[in-house]
Protein chains: 2
Amino acid sequence: MTLPSTYADRNCSLARSLEIVGERWTLLIIRDAFFGVRRFGDFATQLKIPRAVLTNRLKLLVQEGVLIRDEEATGGVEYRLTAKGVGLWPVVRAFMNWGDTFYSPSGVKRAQRHDQDGGLLDREGRCQDCGLAVPVPEIRIEPGPGFCRTDSDLDPVSNAINTPRRLLEPIVRPRTPSAGEGELSATRSTGRAD
Amino acid sequence: MTLPSTYADRNCSLARSLEIVGERWTLLIIRDAFFGVRRFGDFATQLKIPRAVLTNRLKLLVQEGVLIRDEEATGGVEYRLTAKGVGLWPVVRAFMNWGDTFYSPSGVKRAQRHDQDGGLLDREGRCQDCGLAVPVPEIRIEPGPGFCRTDSDLDPVSNAINTPRRLLEPIVRPRTPSAGEGELSATRSTGRAD
DNA sequence: CTCCCCAGTTCACTCATTGAACTGACGCGT
DNA sequence: ACGCGTCAGTTCAATGAGTGAACTGGGGAG
């Protein structure tokens with residue numbers, strides 16, 4: 001696909017990984033999925049990514065088992081991270097750590113907490129209160145000291161993902177305000193990370 | 001540059017990081033740098049990357065302070081990771097872990113050891129013998145159980161980086177066969193990772 | 001002077017990305 | 001039934017980046 005086939009030897013798992021998630025936009029799509037974005041249109045508007053590209057990326061990610069595509073009873077389509085996709089959290093975290101360290105002098109842009117006890121997570125995702133390696137669905141993410149609040153954010157989707165929330169929890173869309181969206185899959189069997 | 005400018009909000013360090021190292025080839029260049037590749041021509045032949053692209057990537061990486069470009073006394077040019085570049089090791093490691101987990105059923109393609117005591121490193125880079133978080137220059141990398149030995153490897157550069165070696169140690173090039181390349185910069189003050 | 005190595009450039013070709021408009025399925029209110 | 005809005009996904013012309021091969025130009029060695 002994007003990989004020039006000879007994307008380095010087969011003997012490098014880095015190269016292999018990049019073949020799947022190394023294309024432009026892909027990791028941002030996955031980040032959004034961690035933040036609870038699930039709908040085609042939400043990915044498109046939040047990332048401002050051309051819909052044709054989004055279609056391609058989602059197709060590849062589904063094909064590789066990073067996402068699953070769910071046609072809901074309501075007719076809606078949802079893309080959700082599989083266990084394999086959740087396994088990418090350390091990658092996302094490592095990128096965030098690096099960016100925070102070298103491009104965010106005023107502190108991390110997003111802080112991570114253990115939802116159960118409110119403890120801050122260290123760079124490796126361990127809760128500084130209870131000492132556990134926190135599984136992804138128990139991670140609560142919230143704006144950190146380096147976050148630049150643009151008073152009225154942009155679209156509702158961006159606003160939603162900038163609100164303190166647990167990872168993987170679907171964003172609440174202003175549409176269908178009080179429907180039965182309450183606790184659908186809740187803590188699904190999204191497997192454990194890492 | 002490659003980033004469509006509106007590469008998501010400024011409030012995401014993931015997006016910021018991807019602006020620097022998210023382009024095609026870039027992370028492979030950095031991986032090679034960790035493995036001791038330093039010369040323009042070596043990057044080009046090992047990665048089989050068009051030289052024009054390599055020029056662009058190196059230029060950006062130098063500009064961002066991920067690499068430094070050294071004109072040696074001998075007239076040679078060397079690209080080396082800065083501390084900021086070494087800080088990308090957790091990113092590289094996370095990608096390798098993921099690729100090993102999901103695309104290398106027979107085990108990791110490259111094993112990491114603590115050079116001082118030979119202990120294997122866990123996924124977070126901690127030595128299982130001494131328990132320390134091993135700084136990058138002390139990490140020894142070697143073919144693991146998932147490594148596919150293609151008997152006569154390809155170019156000498158690929159052969160070199162598939163040989164057990166410490167990270168950041170410059171590869172020995174068949175050129176100048178028995179020069180004083182032995183223990184040059186050794187454990188440089190390349191800072192500590194993470 | 002000549003040959004070779006090496007970093008980097010040039011250039012024509014191809015292919016992916018872009019952005020905007022469009023399609024078609026579905027659900028809802030009247 | 002009808003029209004309307006939403007949503008997933010497609011189409012398409014224009015742009016831009018990646019590709020590969022050939023070329024430039026400087027330095028060292030014989």
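Just so we're on the same page: letters track the sequence lines, and every chain starts at 1.
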Please examine the side chains of L132(B) and Q116(B), heavy atoms only from C-beta on, and report whether any two atoms are closer than 4.5 Å. no
Give me, pair by pair, the N or O atoms of the protein and of nucleotides 10-14 of chain D that are less than 3.5 Å apart, along with how far apart they are.
none

Atom-pair distance ([atom1] on [X]; [atom2] on [N]), nearest Å:
X	N	atom1	atom2	answer
L61(A)	dG9(D)	CG	C1'	16 Å
E72(B)	dG28(D)	CD	C1'	15 Å
L60(A)	dG9(D)	CG	P	15 Å
I49(A)	dA16(C)	CD1	P	16 Å
L58(A)	dC7(D)	CG	P	16 Å
L54(A)	dG19(C)	CG	P	14 Å
E71(B)	dG27(D)	CD	P	10 Å
Y79(A)	dA8(D)	OH	P	8 Å

Has [X] got a side-chain atom pairing as donor or acceptor with [Y]'s backbone, closer than 3.5 angstrom?
X	Y	value
R165(A)	I141(A)	no
R69(A)	K59(A)	no
T55(B)	R51(B)	yes
R113(A)	G118(A)	yes

Which nucleotide sits closest to the side chain of [X]: [options]?
X	options	result
V77(B)	dG8(C), dC6(C), dG18(D)	dG8(C)
W25(B)	dT19(D), dA7(C), dT18(C)	dT19(D)
P50(B)	dG8(C), dA8(D), dT19(D)	dT19(D)

Salt bridge E72(B)-R38(B), side-chain N to carboxylate O under 4.0 Å: no
Just N and O in the side chain of R24(B): are any of them under 4.0 Å from OP1 or OP2 of dA17(D)? no
For dG9(D), take OP1 and OP2 only and decide whether either is under 4.0 Å from a side-chain N or O of R69(A). yes
Sequence neighbours excluded, every pair satisfying ring-ring contact (aromatic ring centres under 6.0 Å, His included) that has a member inside residues 26-79 of chain B: F34(B)-W89(B)
